[in-house]
Amino acid sequence: MEIVNENGRRILVAKNGCVIQSVTDGSILGKKLILGKKDSEIHYHEIPVPIKTEEDIAE
């Protein structure tokens with residue numbers, strides 16, 4: 001995971017094969033996340049892309 005600057009914004013980007021997940025509530029947020037002025041990358045980590053199983057689809 002890395003932070004890049006685009007147009008004055010800090011963007012948290014997950015590496016290939018991973019997505020960003022919130023540490024606080026477990027929400028999966030996607031490949032990129034725009035950080036707000038008071039946001040910190042310590043509130044997020046990256047996990048491997050979840051794979052949907054037949055059980056997930058049946059629910």
Side-chain angles (χ1 to χ4, degrees):
M1 191 167 60
E2 67 177 318
I3 296 177
V4 296
N5 287 308
E6 290 181 11
N7 300 324
R9 293 183 175 160
R10 294 180 314 136
I11 302 175
L12 194 58
V13 180
K15 65 184 176 189
N16 286 337
C18 293
V19 290
I20 297 169
Q21 183 178 38
S22 169
V23 173
T24 54
D25 66 7
S27 298
I28 296 175
L29 306 168
K31 295 285 296 172
K32 292 183 177 182
L33 175 68
I34 297 173
L35 295 172
K37 290 181 181 181
K38 295 183 180 181
D39 279 341
S40 172
E41 66 277 3
I42 65 170
H43 295 113
Y44 307 97
H45 60 226
E46 61 186 5
I47 60 169
V49 174
I51 299 172
K52 288 190 176 186
T53 64
E54 289 185 30
E55 285 181 6
D56 294 333
I57 295 168
E59 292 177 352

Q) Any side-chain heavy atom of E2 within less than 4.5 Å of one from V4? A) yes

Q) Do the side chain of R10 and the main chain of G36 share a donor and acceptor less than 3.5 angstrom apart? A) yes

Q: Start with the C-alpha distance between H45 and I47, add both sets of side-chain angles, then the distance that settles side-chain contact (heavy atoms from CB on, under 4.5 Å), and finish with yes or no.
A: CA-CA 7 Å; H45 60 226; I47 60 169; 3.7 Å; yes

**Q.** Partner residues of H43 under the side chain to side chain donor-acceptor pair (under 3.5 Å) criterion, sequence neighbours left out
**A.** none

Q | Shortest non-hydrogen separation from I28 to P50 and the atoms involved | A | CD1-CG, 3.5 Å

Q. Who else is in L29's hydrophobic cluster (ILVMFWY, side-chain heavy atoms under 4.5 Å, direct or via others)?
A. M1, I3, L12, I20, L33, L35, Y44

Q.
Under the salt bridge (Lys or Arg N to Asp or Glu O under 4.0 Å) definition, can you give me all pairs with a residue in residues 18-36, not counting sequence neighbours?
A. none

Q.
Suppose we screen for side-chain contact (heavy atoms from CB on, under 4.5 Å). Which residues come up paired with I42, at least two apart in sequence or across chains?
A. S40

Q. Quick one: side chain to side chain donor-acceptor pair (under 3.5 Å) partners of T24, sequence neighbours excluded?
A. S22

Q) E46: what forms a side chain to side chain donor-acceptor pair (under 3.5 Å) with it, not counting sequence neighbours? A) none

